Amino acid sequence: MLRAGGRAALRVGPRGREPGSGGRRRCCSSGPDGLKQTPLHAFHRQQGGRMVNFAGWSMPVHYALSHLESHLHTRQHCSLFDVSHMLQTKVFGRDRVKFMESLVVGDIAELKPDQGTLSLFTNEEGGILDDLIVTSTSEQHLYVVSNAGCREKDWALMQGQAEELRAAGGDVHLEVSENALLALQGPSAVQVLQTGVSDDLAKLPFMSSAVMGVFGVPGCRVTRCGYTGEDGVEISVPIGRVLELVELLLRDPQVQLAGLAARDSLRLEAGLCLYGNDIDETTTPVEAALVWTLGKRRRVAMDFPGAPVIVPQIKGKVKRKRVGLISTGPPIRPHMPILSPEGRPIGEVTSGCPSPCLKKNVGMGYVEGEQSRVGMVLAVEVRKKSCPALVTRMPFVPTRYHTLK
Amino acid sequence: MSRFPEDLRYSEEHEWVRGGNGNTVRIGITDFAAEALGDIVYVSLPTVGEEIAAGDSCGELESTKSVSELYAPVAGMVTAVNDALADAPETVNTDPYGDGWLFEVEVADLAGLEALLDAEAYAELTA
């Protein structure tokens, strides 16, 4: 039975987009395979990480625990992910908010000190160039984290815009953070972290950020966010001390290393988009069901890239819309056709996997606007077989963010 | 470390076949195969009453990382399938020679089993 090939090794990752090095300094080196490596690369190998190519980076897909074990461990305890391949940018200068708002759809001006938000870089056609987290730090800069697969594109976009703004007399400049980035995710993540920090983490709500010492490593930026639907943090830590911090965190038996495989199924259960699969330059924020990212003031002012296309879509009709699906039969996978109740192709699956928590197949995809209502029974064509698929509200698994009531 | 029970016969496609029950044989996949596939999340099996020829594609196993076809190691009529796998496909990983069996076939001729590998030959194949 093993003689038949399946699909590609693993369905994670943006459709390879990372171009060559731009000559810019950043927190990575390249291995003999030409793949970029994070500062933890040797450690991943030592720990039995099975390394794969993810957007031009050599990254662990899983370690000793299997994909499912690792997924469930994250939901029950907590997992540590190396996400140092993501692009961390600091935006300085008096005009940093104006600069950021000229590129993204969100209301950056209204962010309170050390508060962050998910936002989107958009193009003039209304397509999504990348999704990113923008935090307005109390240290007089914006801290921006965007996708590994879009590093070069994002950097070029931001750098180009900064140059333009400066040419017009504006005050903005960019710096790539040299730090490594760790994600500690799961219901016990904060309890574990609390033993190594003096700040009271109960006072650090979801999507807020602070600089603190973590297990003796000074100057870590801890942000209450993640990509799993669980409570947890991302920790931006100086490269020279990242290994030490990882080893200290792993001393707690609740913490296990997790790789890309679990990261992908966890984010899908949480209903979160993977750039390159679920959103890209051809999908608008309204089609992608990300209207909530469009700042109210920004909609009225129509002053973000693509606003003339995007804003009318909010109240009007869109040709297609991103929906959640729960299906029966074999798991659904990206690019499988979605069929109307009459059997007509009406779209495509963009992400899919068997949900380890629900024991059901979950996925997301785009369907024609009229077919996107929650409760519609559609079908997904799996290897020529039509499998019923129910349009379902997301997240599939309830999220457990630490929001202050 | 994979284990290959001595009382089973093996196909080169990593299935095991258990005789000893008249003309009815039970079929599953080996420990080696289950480990190579990774977490199995979906199993599609032939239907009871179906006639299959040795080498026929008669189902599929999907893991979190790939889909693999299941090939009939012997010819005969399918007499039983392991329905419990519909709700618990991971049993193929946890107990490949026991509760993780796949289906049973009534063979016309038990001599077909002789063409399969014994444990030692199969162990060499996977070494």
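Residue numbering restarts at 1 for every chain, and letters A, B, ... go by the order of the sequence lines. In this text, all values refer to a predicted model and were calculated from it rather than measured experimentally.
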Item to check | Qualifying residue for side-chain contact (heavy atoms from CB on, under 4.5 Å) with Pro331(A), from Val67(B), Thr64(B), Val41(B) | outcome: Val41(B)

Checklist entry - At a heavy-atom separation under 4.5 Å, does Pro354(A) approach chain B through its side chain, its backbone, both, or neither? => result side chain

Next on the checklist: Could you check whether atom CD of Glu120(B) has more than 12 heavy atoms from other residues, nucleotides or ligands sitting under 6.0 Å from it?
Outcome noted: no

Checklist entry - Can you tell me how far CG of Asp39(B) sits from OG of Ser70(A), rounded to the nearest 0.5 angstrom? => result 10.0 Å

Next on the checklist: Do His67(A) and Lys65(B) make a side-chain contact, defined as non-hydrogen atoms from C-beta onward lying under 4.5 Å apart?
Outcome noted: no

Checklist outcome for this item: Okay, Lys385(A) and chain B: the region with an atom under 4.5 Å from a heavy atom over there is side chain

Checklist entry - Can you tell me how far OG of Ser44(B) sits from CZ of Arg383(A), rounded to the nearest 0.5 angstrom? => result 8.5 Å

